[in-house]
Amino acid sequence: MKAIYPGSFDPVTYGHLDIIERASRVVDELIIGVLVNSAKNPLFTREERVQLLGEVTKDLPNVSVKTFEGLTVSFAKENDAHLIIRGLRAVTDFETEMQIAQTNHSIEPDIDTMFFTTQLEYAFLSSTIAKEVAGYGSDVSKLVPDVVAKAFAEKFF
Ligand code: ADP
């Protein structure tokens, strides 16, 4: 079973990594899809986001990283994947995630979405929160892997 895990990953956090590790144990192959969305103004370039994801997943042999533009279901189809992985943090994620999953399924009935619920310790964590903490020079070691913390330091200071 092949799956994609799409997102902005600007940058990857321990919350993402937890979902990646758990999903990689359930599927045969997991392709992380870094969404390149011109409407968003990311802190990290597409190359930086891919590189950071590559470094933090280097010990997971069935995980790879690619970028994509446009519809998630098109990216899934191009990669011959029938499963989309998403993470759920709180009830607030649920409504939008359900809507996205239903939209995707109606466009491509062959493609389903599987949700992993976050571990409690990462329930509050998002890339936005990590960026804010890092931007004020506070310690991000509990939020993001070391390579990401270093990348923050280079960006901000
Ligand atoms: P997007 O911009 O598509 O929401 P993100 O990079 O923010 O992309 O997130 C990608 C996926 O990872 C989403 O399914 C999101 O809910 C999930 N995710 C993000 N942070 C966490 C976390 N702390 N715990 C579990 N899942 C998370």
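The figures here come from the full heavy-atom set of this structure, side chains too, leaving out hydrogens, waters and symmetry mates. Start at 1 and go down the list; that is how both ligands and their atoms are numbered. We're numbering straight along the sequence, starting at 1.
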Inset, instruction - Report yes or no: does a heavy atom of T13 sit under 4.0 Å from some atom of ligand 1? - result: no

Legend entry - Residue pairs, two or more places apart or on separate chains, that pass ring-ring contact (aromatic ring centres under 6.0 Å, His included) and touch residues 96-127: none

Inset, instruction - For Y122, counting its heavy atoms only, list the atoms of ligand 1 lying under 4.0 Å from any of them. - result: 22 (C), 23 (N)

Legend entry - Top protein contact for atom 6 (O) of ligand 1, by heavy-atom distance: F9 N, 2.9 Å

Legend entry - Close approach, F124 and ligand 1, non-hydrogen under 4.0 angstrom: no

Inset, instruction - Could you tell me whether ligand 1 has any atom less than 4.0 Å away from a heavy atom of P6? - result: yes

Legend entry - Geometric N/O contact L125 with ligand 1, under 3.5 angstrom: yes

Inset, instruction - Answer yes or no: is there a donor N or O on one side and an acceptor on the other, between the side chain of N62 and the main chain of D28, under 3.5 Å? - result: yes

Inset, instruction - For salt bridge (Lys or Arg N to Asp or Glu O under 4.0 Å), just list the numbers for K155 and E48, CA-CA rounded to whole Å, side-chain angles, deciding distance to a tenth of an Å, and then say yes or no. - result: CA-CA 11 Å; K155 272 282 169 210; E48 288 168 335; 3.0 Å; yes

Inset, instruction - Could you find the nearest protein heavy atom to atom 18 (N) of ligand 1 and give me its residue, atom name and distance? - result: H16 CD2, 3.9 Å

Legend entry - More than 12 heavy atoms from other groups under 6.0 Å of NZ on K2: yes

Inset, instruction - For the residue pair F156 and F152, categorise the inter-ring angle as parallel (less than 30°), tilted (30 to 60°) or perpendicular (more than 60°). - result: parallel

Legend entry - Where ligand 1 meets I19 - atom numbers and elements under 4.0 angstrom, heavy-atom basis: 25 (C), 26 (N)

Inset, instruction - First locate atom CG of L30, then atom CD of E21, and finally report the distance between them rounded to the nearest 0.5 Å. - result: 11.0 Å

Inset, instruction - Provide, to 0.1 Å, the distance between atom 21 (C) of ligand 1 and the closest protein heavy atom, together with that atom's residue and name. - result: R89 CD, 3.6 Å

Inset, instruction - Using a strict cut-off of less than 4.0 Å between a Lys/Arg side-chain nitrogen and an Asp/Glu carboxylate oxygen, indicate whether D146 and K150 qualify as a salt bridge. - result: no

Legend entry - Ligand-residue contact atoms, ligand 1 with Y5, heavy atoms, under 4.0 Å: 11 (C), 12 (O), 17 (C)

Legend entry - Ion pair K40/D10, N-O distance below 4.0 Å: no

Inset, instruction - Identify, for atom 4 (O) of ligand 1, the protein heavy atom at the shortest distance, and state residue, atom and that distance. - result: R86 NH2, 3.6 Å

Legend entry - Numbered atoms and elements of ligand 1 in range of K40, under 4.0 angstrom, heavy atoms: 2 (O)

Inset, instruction - Among all protein heavy atoms, pick out the one at the shortest distance from atom 1 (P) of ligand 1; state its residue, atom name and that distance to 0.1 Å. - result: S8 OG, 3.8 Å

Legend entry - Taking atom 25 (C) of ligand 1 as the reference point, the nearest protein heavy atom with its distance: T118 CB, 3.4 Å

Inset, instruction - Identify the heavy atoms of I19 and G87 that sit nearest to each other, and give their distance. - result: CD1-CA, 4.0 Å

Inset, instruction - Please say whether more than 12 non-hydrogen atoms of neighbouring residues, nucleotides or ligands are located less than 6.0 Å from OH in Y136. - result: no

Inset, instruction - Please determine if G87 has a nitrogen or oxygen closer than 3.5 Å to a nitrogen or oxygen of ligand 1. - result: yes

